[in-house]
Structure formats: structure tokens, C-alpha cells
Trainee: 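The following block contains the structure, expressed as C-alpha cells.
Proteins come first, then strands; the chains are lettered A, B, ... in the order of their sequence lines, and each starts at number 1. What you see below is based on every heavy atom in this structure, not just the backbone, and it leaves out hydrogens, waters and symmetry mates.
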Amino acid sequence: MISSISFLTARSASLLAVLLLLCGCGAALENRQDMAAGEKTGLPLVAVFPVQNLCGNPAPLAEIRETLISLLQQQGFAVLDNKTLETFMTAHRVRNVGGIDGPTAQAMKKETGAEATLITSLELYVEQYPPKISLTCRLVTSADPPLIRWIDNVGMTGDESPGLLGLGLISQADALRDKALQTLMASLQQEMRGEQIMPATARKFRPKLTFRSPTLEQEKRKYKIAVLPFFNHSTRKNAGEILVLHFIKELSNLPNFQVVEPGVVFQELLRFRIIMDDGLSMPNAAAIFSDLDVDLILSGKILDYQDAQGPWGSPYVDFSTVMFFNNSREMVWASKSYNTGSDGVFFFDVGRVSTANDVASQMARSVGEMMVN
Amino acid sequence: MRLKKITLVIILAFLTACAAPLATYHDTEMDFGSVQTVAVMPFANLTGHTRVEDRVRDVFMNMLLATASIYVIPPGEVARGISRVQVVDSTSPSAEEIQKLGVALSADAVITGVVREYGEVRSGTAASNVISIGLQMMEVQTGRVIWSGSTTKGGINLKDRLLGGGGQPMNDITEEAVLDLIHQLFNS
């Protein structure tokens, strides 16, 4: 009797131990399955970072992330499971979800197997009618230094395309959110297939004032550029960081630039304890030039970054840029841009731009094009 | 006799038109060609609006650079210079502070400015935007003023009174005012 009880206890204990082991390996197995799925499609295993909230008000960040994950999986990407990502982020004390630095990216690859990280920043989220959403998403490689593989943004309002009898109006924030995320993921798919098309820039978004040093004109090559946070003198929270993302996106899409991942720049600013008082000083610029091994540093000031309030009004963006060149150690570019979404609109809202995201994006593209052309 | 009077009136009218604006001062002994690098100090704001001094300074620095005649020291470098020299009031530095700034920033001249008016003005039912700016340039060897200019643009005109409309946008008249000041600076 005694022996049968002890036999049963030993069996139960073994079963429990096996079950515990299986639970422990659950996440890893799930991860391995995802990796295997990724290997089948030839697409990398992706870690999806929690969404960075730059909009200054509460937003359904978890829902946005979940939708992104499901859209990525639909495209055939393998996605790193939440538990492994959380464990990694806790172990490496990753607090900045708006970027990734070199050592963290390398450790990500080594410890989780993720070959890329999807970083998402939410710029605007309004649920009241008309709903509004603006997002920027980028895929960064898990290497040291990390490289931006793809970046795109989207800005939408529920009333931007009313269509016939208002059939195109979107009154639900969820529906608009899904549409915006699908647009972004479609862009990623296009990039993966090598079909990314650069939209043309309207003349009206060109900077109003520009200075371009002859030093820059003599050099026709691919520049490695670091974009530093813009000084935010506007009333919009996080406008400085938002504008950096616009410039990163537009410069990355131009063939003349190789843009440094903002997480790397952020880490360097922290490492050198660079506190910029009214702009970048030359000693600080020299430190960044030598450490990041970049040719150009772009920075600036943002004076206005406003989205339309409610269904009326027009977005308005006003900023200036300065750029320093490593070779001459002087300012080689300066510009001043300001635009509203209704610039050049005369009849029936034809050509109207409905979000500050879209206005800023086109303005940044114009600045980038004029820098090199 | 009558023809003579009319001619005299016309000549006087032309002479008045040709007079140099009283708002501008140029040091006649100064060789402005030697000024290659300038530091634009933060402007003083005498208006009731916030941050307008930054807006005007931003436009002025960009327009001055765009002339490609003068190199304008980046604002971050100017801020570092102000901090190093320990300028008490960066909007109106003393002659000694200007001399020290010249050494710290390797500048040939220092420009200070004041924004006197910025924003909407009303008169009866008419409304329009107005800007009024005054600038000074000091050379760094002695710290003395070598150029001074001021301008006012916008405001309510007859058309605004008769037809309304609110006048020109603020950015446009800021650029107009700054351009006027740059013309005053270069047309010595």
C-alpha cells in the first residue's frame, strides 16, 4: 500500500515536472514555429515593439499593435511572441520604444532570433467625428549599426474622401485605424517586392527660404546623415520627434542619403550628455560626426504643428532646418518652410491635404530634394 | 510763372521720394565688405505675443544666409558663445560683451534686434496684420554700432478700410519686413 502511494506520488511529481518543462518551453516552441513559418516564406522573423505614443492623449496602443501583428502574419512574416519580447526588453532595460540602438539590435538577433524590429509611432489619434489617425512605421534590421530597411507614414481623416452622397465618409475610429494600418502594411509588402514608388512633390510645399553652401554642391555622392531632434517651439506635444520621423522617412527614400537609425542618435546624445541650447553647437556637432561617422547632421526648429480642429480648419506646419557638413565643419544648408493643408486650393477642396502628417511629409520631401538637387 | 511753380513742386516731390529713409544709419567709416561672419543674437520681444522674437530671428537668419554674402553663425553656436561669455542680457549686450563674443564665436559683427509690433491691428471694422522690427549691427573690434535699421510692414490701408479682407498673412509681411531690412543693410 505504502509502496503504491509512493509510486503514485513519484509518478505525479514526474508528470508535473514534465508539464512545467513543457510550459517553460511553450514560448520557445511557439517562437520556433513562427521562425519556421518565416523561413518558409523567405521573410524575416520580426519583433514588433510596443507603439510609441507621440499624440499626447490616450490611444488604443495595444489594439494597434495587435492589428499590426495580425497584418504582418497575413503577409507571411513570422512575429516574435510577446513573452520572449517582454523578457528581452526587461533583461536589456529597453525603455525607448521609438528606436533601437546598435548593441540592443545585435542582442535581439542573438537572443531571440528576430532579424528585424518593427517600430511604430502614433502621431495623432482622434476618436470624435471626424476620426483622425497618423502613424509612422519602420522596419529596422537587427545589426550593429541597425539599418532602416523600410519606413512609411500615413495620415487619414474620416471625412477626407466623402465621395458621392457621403458614401466615403468614415465615422468609426476603429474602421479608420484598420484602413490606415492596412495602407502601411501594403506599403511594406510593396517594399519587400521592390515596388516602392516615390510620390511626386507638389511645388507649393517647397521651402520658402533656402541657403545652400557651394561646398555641398561640389560633392555629389551618397551622404550618411543623422537627424537630430528638432526644437519644439510649437504648442503640439512631441512635434520635434514627429518631424524627425518625417525627415527620416523622406531622406531614407531618396537615393542620395543613408539615414542613421534615430535610436542610435538618441543613444549617442545620451552618451555624450549633449544638451542643445537653442541649437547644435560646433563642439557637439564634432562629437557626433566623429562617433557616428556621418557626413551630415540635420537639425532645426519647429514653430507650428497643428492639425485641423474638428471638421473645419486646415493643418498648419512651420519649421526651419539647418544642416552641418563634416568636411567643412560649417552650416551648409538652411531653410524655412511653412504651409497649410489648403494652400493652392480654390475649388471644391481639390488638392486639400487633411492632416499635418501629410503636409509635413511633403514639406520634408521637398527640403530633402532641394538639399541634393 | 505758373509753369515754374508746377515744375518746382514736381522737383520737390521727386527730391522727397529720393531721400534716404531716416530709420537707417550707416557708419560711413566702416568697410562693410570686411564683414564676412555675423552672429545674430536673440531678439527682444516688446509685443504681447510669445515666441515672436524666435520667428522673426529665424526668418532674418535664413534670409541673410540666402543672400550668400554673409555667413551667419548657427543659433546653437551663438547660444554657446552667450553662455561662455556670460552675457547678462543677450538681447542687448554691452560693448565689452560684444568684443568677447567676437573672439568666442570668431564673428566679424554682432546683430541685435527688437520686435516692436507683431500681430493683428484693428481700426473700426477693419483688421490687418502688422510687424515692426528694429535691428543694429555692431562690429566686434570696438563694440560700436555700424548699422542700424528699422521697418514697419503691413497695417491697415485704404483698401482694407474700403473692402476689408484682413490684410496679408503674417509670414508674408514678416518676410517683406526682413527683406526691407536686408536692403537697408546692403544699400549703404
Trainee: At a heavy-atom separation under 4.5 Å, does B/R51 approach chain A through its side chain, its backbone, both, or neither?
Mentor: side chain
Trainee: What part of B/V59 lies closer than 4.5 angstrom to a heavy atom of chain A: side chain, backbone, both or neither?
Mentor: both
Trainee: With a 4.5 Å cut-off on side-chain heavy atoms, are A/M323 and A/M331 touching?
Mentor: no
Trainee: For A/L303, which atoms come within 4.5 Å of any heavy atom of chain B: side chain, backbone, both, or neither?
Mentor: both
Trainee: Go through A/T210, A/V322, A/L280, A/N284 and name the one with the most non-hydrogen pairs under 4.5 angstrom from chain B.
Mentor: A/L280
Trainee: Regarding A/S234 and A/Q306, is there a side-chain donor-to-acceptor distance under 3.5 Å anywhere?
Mentor: no
Trainee: Determine whether the side chains of B/D89 and B/S92 contain a donor N or O and an acceptor N or O closer than 3.5 Å.
Mentor: yes
Trainee: Output the option from B/V72, B/D58, B/N62, B/D54 having the highest count of non-hydrogen pairs under 4.5 Å with chain A.
Mentor: B/N62
Trainee: If you take the centroid of each ring, where Trp contributes its six-membered ring, are A/F230 and A/F247 closer together than 6.0 Å?
Mentor: yes
Trainee: With a 4.5 angstrom heavy-atom cut-off, could you sort out which part of A/S335 is near chain B: side chain, backbone, both or neither?
Mentor: backbone
Trainee: Walk me through it: do A/K222 and A/N256 pass the test side-chain hydrogen bond (donor to acceptor under 3.5 Å, both in side chains)?
Mentor: CA-CA 4 Å; A/K222 189 159 186 161; A/N256 312 71; over 6 Å; no
Trainee: Given a strict heavy-atom distance threshold of 4.5 Å, which part of A/F231 is in contact with chain B: side chain, backbone, both, or neither?
Mentor: neither
Trainee: Looking only at the side chains, is there a donor atom on one of B/T142 and B/E139 sitting less than 3.5 Å from an acceptor on the other?
Mentor: yes
Trainee: Tell me, for A/D318 versus chain B, whether the close heavy atoms (under 4.5 Å) come from the side chain, the backbone, both or neither.
Mentor: side chain
